[in-house]
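Below: one structure, written as structure tokens.
Just so it is clear, the model here is predicted, and its values are computed rather than measured.
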Amino acid sequence: MQDAPLFVVLLAHKAAYLERYAEPDKGWEDRAEARWSAPYWYIDTGRPPC
């Protein structure tokens with residue numbers, strides 16, 4: 001890795017993700033982790049942009 005031209009570190013912040021989806025435009029009012037079928041805060045972090 002010392003010769004790599006770029007080193008990317010991906011970070012996920014579960015609390016920030018849950019807070020964002022608790023905002024009025026998303027339709028949920030709580031930050032309940034149980035509502036998620038998978039840990040999308042990690043899945044979306046590693047997903048390439050569309």
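- To the nearest 0.5 Å, atom CZ of residue Arg20 and atom CH2 of residue Trp41 are 15.5 Å apart.
- Closest heavy-atom contact between Ala22 and Asp30: CB-O, 3.3 Å.
- Phe7 and Leu11 fall within the same hydrophobic cluster, defined by Ile, Leu, Val, Met, Phe, Trp and Tyr side-chain heavy atoms under 4.5 Å apart, directly or through other members.
- Atom-to-atom distance recorded for Lys14:NZ and Tyr40:OH is 15.5 Å, nearest 0.5 angstrom.
- Note that CH2 of Trp28 and CH2 of Trp36 are 4.5 Å apart. Values are rounded to the nearest 0.5 Å.
- Atoms NE2 and CD, on His13 and Glu19 in that order, are 9.0 Å from each other to the nearest 0.5 Å.
- The environment of Glu29 atom CD is sparse: at most 12 non-hydrogen atoms of other residues, nucleotides or ligands sit within 6.0 angstrom.
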